[in-house]
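Just so we're on the same page: letters track the sequence lines, and every chain starts at 1. Predicted model only: the values in this text are computed from it and were never measured. Side chains included, hydrogens not; waters and symmetry mates left out as well; all remaining heavy atoms used.
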Protein chains: 4
Amino acid sequence: MRSHTGRRRNEQARRAILDAAVDLLLRAELPDISIERIATEAGVGRQTIYRWWPSKGAVLAEAMAERAEAAAPLPDTGTLAEDLRLFLRATFRTVGTEPAAGLLRALLAEAQRDPHAAAALEAFTAGRREQLRTLLERAAARGEVAAEADLAVLVEQLYGVLWYRLSITREALDDGLADRLAGAAVAQAAGSRSAG
Amino acid sequence: MRSHTGRRRNEQARRAILDAAVDLLLRAELPDISIERIATEAGVGRQTIYRWWPSKGAVLAEAMAERAEAAAPLPDTGTLAEDLRLFLRATFRTVGTEPAAGLLRALLAEAQRDPHAAAALEAFTAGRREQLRTLLERAAARGEVAAEADLAVLVEQLYGVLWYRLSITREALDDGLADRLAGAAVAQAAGSRSAG
Amino acid sequence: MRSHTGRRRNEQARRAILDAAVDLLLRAELPDISIERIATEAGVGRQTIYRWWPSKGAVLAEAMAERAEAAAPLPDTGTLAEDLRLFLRATFRTVGTEPAAGLLRALLAEAQRDPHAAAALEAFTAGRREQLRTLLERAAARGEVAAEADLAVLVEQLYGVLWYRLSITREALDDGLADRLAGAAVAQAAGSRSAG
Amino acid sequence: MRSHTGRRRNEQARRAILDAAVDLLLRAELPDISIERIATEAGVGRQTIYRWWPSKGAVLAEAMAERAEAAAPLPDTGTLAEDLRLFLRATFRTVGTEPAAGLLRALLAEAQRDPHAAAALEAFTAGRREQLRTLLERAAARGEVAAEADLAVLVEQLYGVLWYRLSITREALDDGLADRLAGAAVAQAAGSRSAG
DNA sequence: CCCTAAACGAGACGGTACGTCCGGTCTTAAT
DNA sequence: ATTAAGACCGGACGTACCGTCTCGTTTAGGG
């Protein structure tokens, strides 16, 4: 009884496909990148892509997830304001510049029509929200956050601005914005205290 | 020198095209609506679409802009909290349910690849931000907002949450969220005072 | 009861259309000339063409008929051989060179799909056959032709070679061919005598 | 280095395309048969036609060449008159009736605008001329033809009549014509003798 | 001198076909 | 069994024309 026969998955092909997808995004030559082009670029048969990924969105999602793996360690300076400032600056630097920005935009577009991409994007962003939530709760544990503060909403506000600028206004995601946003978040988290 | 010669644009055709585009979005039959299908659905030659719109995104954008024309009048209850609550509830009700939600999602996707759609979406959202900004500044004039509060960022936070849920998490945009968001915004606007 | 009211046909437009059709053929830029292009070239509304001609083939036919009006006078040297030689040389010179050659080819093509063009071509060629037939019968009256000679077939043979070269082999229609053909025709007309 | 990879050409698809082309010609439903219709009729993707043929004319040409492959064996009765009579009768019977007549007319029209069709038609007719030339030279070897007779021209005369009737006058290509033409050709070939 | 009528240039309309590109499936020979 | 190659059917793309249908303008008698 064989446990597995036949040729094994070719890791080089996998790499070539993901790299080709990102390369095409970077070059941003044409409005959209096709499976056809990815295969040609990667020097790979089209079927090899279909064998391992259910859709183009899934390829992009894997490419993105891979690049994002090196998640920045959460800063821990002791104050919410500083932690948030550092976290947002680091996030914006990665996500606000090419190639990541283009990748995310393409993935967002793809997610609107491809459920696989939607699921991948949701999973990815859920991890990010979790991370930010952790940062906020650490501050709450230190007593920097009012009891009534709605941390879940705050997380969505912060990432909301990021995606809003990425996909709609295309305004810069720079350090200045990170600082303003950190300030606003701190005001919101703390401010309810005086309102309470 | 003649000012205009030849047959005039057929308003019925224009209507049929925009309506067909929205109808297709509503039915959401296929992941993407093609110009071909819009033309067939509208009982119109394909060229008639190409004659008046530069791209599919431009058709969707015009369809959306038209539906959005009936902008809700800004509430004016005298308090920021209540104004915001009403405004967000009204906005979420329109935008968070079909057909508007699907239209916006499709337009967002299209805007990532089609500059015409991108421009149309940016113009549309700029108008919305302006409106919300007006609401906030009225409150500021009443002294409800701390001097240091960053209203521009606040506007982006609120709409950011809306689009984030629409396009990424697909969580409901309900009255509960509107209220929480209004609360958070008030806290942020007022809260800086204690931080100041 | 009025006999005719309203503006009269514009002769300049007619001329411009026929000239544009021939010009386009000459330039032979693209595989085929469209009504659209003729109209643009002629600086004329498309409807003006449709008003006066039933099809593109009819325009070409009229253009050709007009050019062919200046029919060469039948030579009359006293011998069949010489008459035929001169007639074929003159015909080949006109028809074997541009623009006439292209016009005839285009008309032939059009006649295969457009009944109007077919009728016009048949009428035109019938006139030509008549002419050649006259030449042959003059020789017969002089006793140069055997009684059994089939003049109708001979006419078709001569014009058959012309069109065969024009449309299929595209070999030159030069003086040499005219002379060989004249010789062959004389042999055929006279030759039956010995066979009789 | 591989000699050939990938799926092989589907012979059934090739057959279906050629058959559909001929079928459409037969039915002669529309003045012109489009690639679109051939593909639909054949149950084949449009690209499959473009992959293997450079133009519509090339498809028609291949369809015709295939039908013509079963070339009638040259008759060999011992006399030019009889050989020619039989050859022309057989040729006219094939070519003068549908579907062949329509096919040839369509191909002739196509050849006036499509170089591929022109080349195919020239190649096809060259073969036919060769055949007829052989028949004539066999008679010459038997001494039935005058030394000065211009066999090349005679071949063009005979096929010229065929195409002239096919494409211009559309008169019948019947046995009677074959016989008259054979008689005329014999007169021409032999007649030069008395003229010499 | 207007009135009616037709022809004019322009150009929008619903369509058909073009030739290209891509999607997702399949077949082939090689590994 | 997987791979690169590549043919297959299907179908959308954006363009070119088709023949028809308005438009407003121009030109010509007839009243």
Query - Rounded distance in Å - CD (D:Glu36) to P (F:dG10) - result: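 Roughly 12 Å, once rounded to whole Å.
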Query raised in the report: Are D:Arg14 and D:Trp52 in a cation-pi contact, defined as NZ or CZ under 6.0 Å from the six-membered ring centre and within 45° of the axis?
Result: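 No; the conditions do not both hold, so D:Arg14 does not lie above the ring face of D:Trp52.
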**Report entry** Side-chain ion pair, B:Glu66 and B:Arg15, N-O less than 4.0 Å
**Finding:**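 Yes, charged N to carboxylate O under 4.0 Å.
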Report task. Hey, which sits more toward the 5' end of DNA chain F by its nearest nucleotide, B:Gly6 or D:Arg9? Result ->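 It is D:Arg9, whose closest nucleotide lies nearer the 5' terminus.
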Report task. Whole angstrom is fine here: how far is it from CH2 in B:Trp53 over to P in E:dA12? Result ->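 These atoms are roughly 13 Å apart.
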Query raised in the report: Between E:dT16 atom P and B:Ile35 atom CD1, what is the distance in whole Å?
Result: 18 Å
Query raised in the report: Can you list every pair that meets salt bridge (charged side-chain N to carboxylate O under 4.0 Å, His left out) and has a residue in residues 115-125 of chain A, with sequence neighbours left out?
Result: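 Listed by first then second residue: A:Glu122-A:Arg129.
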Query - Salt bridge C:Glu98-C:Arg27, side-chain N to carboxylate O under 4.0 Å - result: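 Not counted as a salt bridge, because no side-chain N and carboxylate O are separated by less than 4.0 Å.
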Query raised in the report: In residues 44-52 of chain B, which residues come under 4.0 Å of DNA chain F by heavy atom?
Result: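 B:Arg46, B:Gln47, B:Tyr50 - these, ordered by number, are the residues of the stretch whose heavy atoms sit under 4.0 Å from the strand.
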Report summary line: Heavy-atom nearest nucleotide on DNA chain E taken for C:Arg14 and for B:Glu11; more 5' hit belongs to C:Arg14
**Report entry** Which atom of B:Leu166 lies closest to which atom of B:Ala101, heavy atoms considered
**Finding:** CD2-CB, 3.8 Å
Requested in this report: Check the distance between F:dG10's P and D:Asn10's CG and give it to me in whole angstrom.
Outcome: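 My rounded result for the distance is 13 Å.
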Requested in this report: Between A:Gly43 and D:Ala42, just flag the one whose closest nucleotide in DNA chain F comes earlier from the 5' side.
Outcome: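 That would be A:Gly43.
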Query raised in the report: Taking CZ from D:Arg7 and P from E:dA30, how many angstroms apart are they, rounded to a whole number?
Result: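 Distance, rounded to whole Å: 18 Å.
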Query raised in the report: Which heavy atom of A:Gly102 sits nearest a heavy atom of A:Leu25, and at what distance?
Result: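 In terms of heavy atoms, the two residues are closest at O-CD2, 3.8 Å.
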Query raised in the report: Whole Å only: how far is the NZ atom of C:Lys56 from the C1' atom of F:dC18?
Result: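 The answer, rounded to whole Å, is 10 Å.
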Query raised in the report: Within this structure, what is the CG-to-P distance between A:Asp114 and E:dG24, rounded to whole angstrom?
Result: 9 Å
Query - Nearest-angstrom distance from the residue atom CD of C:Glu110 to P of F:dC18 - result: 10 Å
Query raised in the report: What pair of heavy atoms forms the shortest contact from A:Gly57 to A:Leu107, and how long is it?
Result: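 What the structure gives for the nearest pair is O-CD1, 3.9 Å.
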Query raised in the report: Does the side chain of B:Arg8 get closer than 4.0 angstrom to OP1 or OP2 of E:dA10 through an N or O atom?
Result: no
